[in-house]
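Just so we're clear, the structure is a prediction, and the values are computed from it rather than from any experiment. Just so it is clear: chains get the letters A, B, ... in the order the sequence lines come, proteins before strands, and each one is counted from 1.
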Amino acid sequence: MEYDFENIEKKWQEVWEEKKIFKTKNNFSDKKFFGLIEFPYPSGKGLHVGHLRTYIAMDVVCRKRRMMGYNVLYPIGWDAFGLPTENFAIKNKVHPQKVTEKNIKNFRRQLKSLGISFDWEREIKTTDPEYYRWTQWIFLKLFEKNLAYKKKMSVNWCTSCKCVLANEEVIGGICERCNHEVIQKVKSQWMLKITAYAQRLIDDLDKVNYSSRIKNQQKNWIGKSEGVDIFFETNTEDKIKVYSTRPDTLFGSTYLVISPEHELINTWTKKLDNLVEIEKYKQQAKRKSDFERTKLAKEKTGVKLGGVFAINPVTKHKLPIFISDYVLSSYGTGAIMAVPAHDERDYEFAKKFNLAIIEVVSGGNLSKQAYTAFESGTLVNSDFLNGLSPKKAKEKIILFLETNRLGERKTNFKLRDWVFSRQRYWGEPIPIIYCNRCGYVPVSETQLPLELPQIDSYEPTETGESPLAKISEWINVTCPKCGAKAKRETDTMPQWAGSSWYFIRYLDPKNDEVLANKEAINHWLPIDWYNGGMEHTTLHLLYSRFWYKFLYDVGVVSTDEPYKKRTSHGVILGENSEKMSKSRGNTVSPDIIVKKYGADTLRLYEMFIGDFEKVVSWQQGGITGCYAFLKRYVNLLNISNEKKDLRKELEAKFHQAIKKVTEDIEAMKFNTAISTLMSLLNEIYLTKSVTREEVRIFTLLLSVFAPHITEEIWEKFSFSNKLLAQETWPNFDEEKCKEDSFEIALQVNGKVRDHMVIVFSQTKEEILKEAKRSKKILKEIKSKEILKEIYVKNKLINIVLR
RNA sequence: GCUGGUGUGGUGGAAUAGGCAGACACAAGGGACUUAAAAUCCCUCGGUGAUUUAACAUCGUACCGGUUCGAGUCCGGUCACCAGCACCA
């Protein structure tokens, strides 16, 4: 038989579709498996081979689970709101809706050409009003529980997108999406109080099976730290509250620093004798973008506040107060006690401004650098703390501060609340109405979905207002509460909104009464296995865990973590080992590979290319090996004999292969699962023939990787009238994995000198006796004294000589 | 700087739990078949040095040291690279 992949693949894709073979059963009693991949953003560029890794891997897992008797849910949808589509639409003067439809069509075609076993009847898209109705509904619930609030604040503003960004979307002062500079701008924004969930988002990581890489990144991002707020008296009636994780060094605090935005500066305008200088510094700090602050402004700057000072609560020394932009207004209290001897930044600042450096933890060399160790050193110059370790001193001073009402324990997080509004057209409208009398009033649930108005011009505005602000007939409404004239919120939600709960909609995508039927929710959630990219660890993964926990709190879902298990695939780089992107010109389209070698070869290669969790470079040459393997598999037709059973000489090999493939797929070691199948095929070819049972088992194992050609062979051999997805995954017998005889290594002093074939039943004594007859071993031991004889079962013996 | 991870042939990568390093492929070289090419099949393929009626010795998993009968794997140190965070007090 020729390997006519083009017709074979077309034929079976049609059969699967017609027989609805991958449709998830609406049956809540079977054992279930919910496999999830991150639903794609349908860009105009189409999919490249790097995108496919996750879909194929989860497809392999899901196909196997189906054969193991699970009712499998493997859904797909489109995360379709977003800036690239909107920008493309503006540039080409088409409606984003049309662009989206076109892109989805292309994505759908590409995914279907690969034979991924999605249940296409549950397809969803976030831009569908019947979908975003529920995104808006969740927002209203958040608003109702005071977890959505509007706040005038300094936000990240992308100069190119003309839009606000969340902290998570700013990478090193640069817009994550367009790589343009991000500046700070004061705007009134909708915020979600994700910080209220910070502790739970850390704690509950213990309940889930994520790789340590993911857990660590999430923990780092949330950034919990435990310390104490300390009150410093001043020569005014105001106290300064500082936050410190090292109160043990309080005796070494020689000055205070507050952030340029600190409100005490406004309170003190009359007392400050160098206000002009201070104001000038404040203006400078304000103009600096995040980019400048992080990349250029490592040199410490600041201004001493003239006319005011603080008192160190334990030494009673007068401490000067500075403003400096190395203290952030958004973290802690926006003020610090500087301990130059034991903090690098304070040290640098103190050196520059010639401030006192007092050692309070011995062990360092202060003429060179600050001594920041917490695990070692001893307290000195610290009165009642002298002689203690920093750890013990910390406990003691906190107790002292608390008893004397000079401070209180405090936990802080680096995580900030989620900036939730965007000044763009192509997103979910925020269902809030502003009334001069009643304030922010929610749109009634019965009015949802609040649809995006159809307009012709949706360019972002220079003023930073949403394009929706221009449509007076849309924004001018009456207040739902009092009936007075009122205005709609014109900002839209960020792209992360729709993807924060999408997996719940898959359970019941057509329901028009609730976001999903409760029975379905209870049956299918949590998700059994979610695979996606590392780049979403601090964005999508954190946001969706937050929303899920919220939905748990309001009784929509019955568990408090959405993903039982989360894994990440390594990125596939282009052949030049750079990230695949159109601008670099190194993308590889699946369409070309499918046309030349077929989907099965592409699928196989994607899984064979390397360690699933590691970054790999695409290598066009590597495909031919997988293609050749499939052709050799097809060729089994030509060497098959009519004998039925597994042949004795291959029995152990087959059982070992079943075991290995079964276990490797669960561990995501797809590459070694495939190499096992390659080896097994090589073994079969050595015998120059194959039995029906051997073809049957081999086909079942291979079918999850290469579903089309295996279906064809299955039919050619007429093993059954069922399709492979309806068949049973083969079992292995641990006993039958063992071979009757095998080779072990003979070592002398740990070096391999010879090999020997033994029979399974032989004892250590028998083996040793025989080993010592080996010429090469005899040569080594000669007349030397044997100290020890080690036998590692079925592996080796080692004779240790003096 | 901090946190996490990685380092194995010309290349991608294997190597349960400390037990024969280099599975499985790619590339390369040689051969068979062919008018030729493609396809297919067979052989070689870490370095060095022997041997060629014999298939042996020796080194080798970033580097230095340690534990062990035995280390790619464990421990200590060094270097390099990747990812995330980055003035978070």
Base orientation of B:G9, syn vs anti, 90° cut from 0: syn
Complementary nucleotide for B:C41 - Watson-Crick or wobble, under 3.5 Å: B:G31
Aromatic plane relationship, A:Y597 with A:Y627 - under 30° parallel, 30 to 60° tilted, over 60° perpendicular: perpendicular
Phosphate contact (B:U40 OP1 or OP2) by A:K631 side-chain N/O below 4.0 Å: yes
Residue-phosphate contact under 4.0 Å: A:T538 side-chain N/O, B:G84 OP1/OP2: no
Short side-chain N/O contact to B:C24 OP1/OP2 from A:R632, under 4.0 Å: no
Short side-chain N/O contact to B:C85 OP1/OP2 from A:N216, under 4.0 Å: no
Side-chain N or O of A:N671 closer than 4.0 Å to phosphate OP1/OP2 of B:A14: yes
A:M337: which of A:Y243, A:F232, A:Y255 passes side chain to side chain contact (heavy atoms under 4.5 Å, CB included): A:F232
Distance test, side-chain N/O of A:K669 to OP1/OP2 of B:A15, below 4.0 Å: yes
Residue matched to B:A17 through Watson-Crick or wobble contacts both under 3.5 angstrom: none
Stepwise salt bridge (charged side-chain N to carboxylate O under 4.0 Å, His left out) test for A:R409 and A:E395: CA-CA 10 Å; A:R409 272 174 215 274; A:E395 274 315 303; 3.4 Å; yes
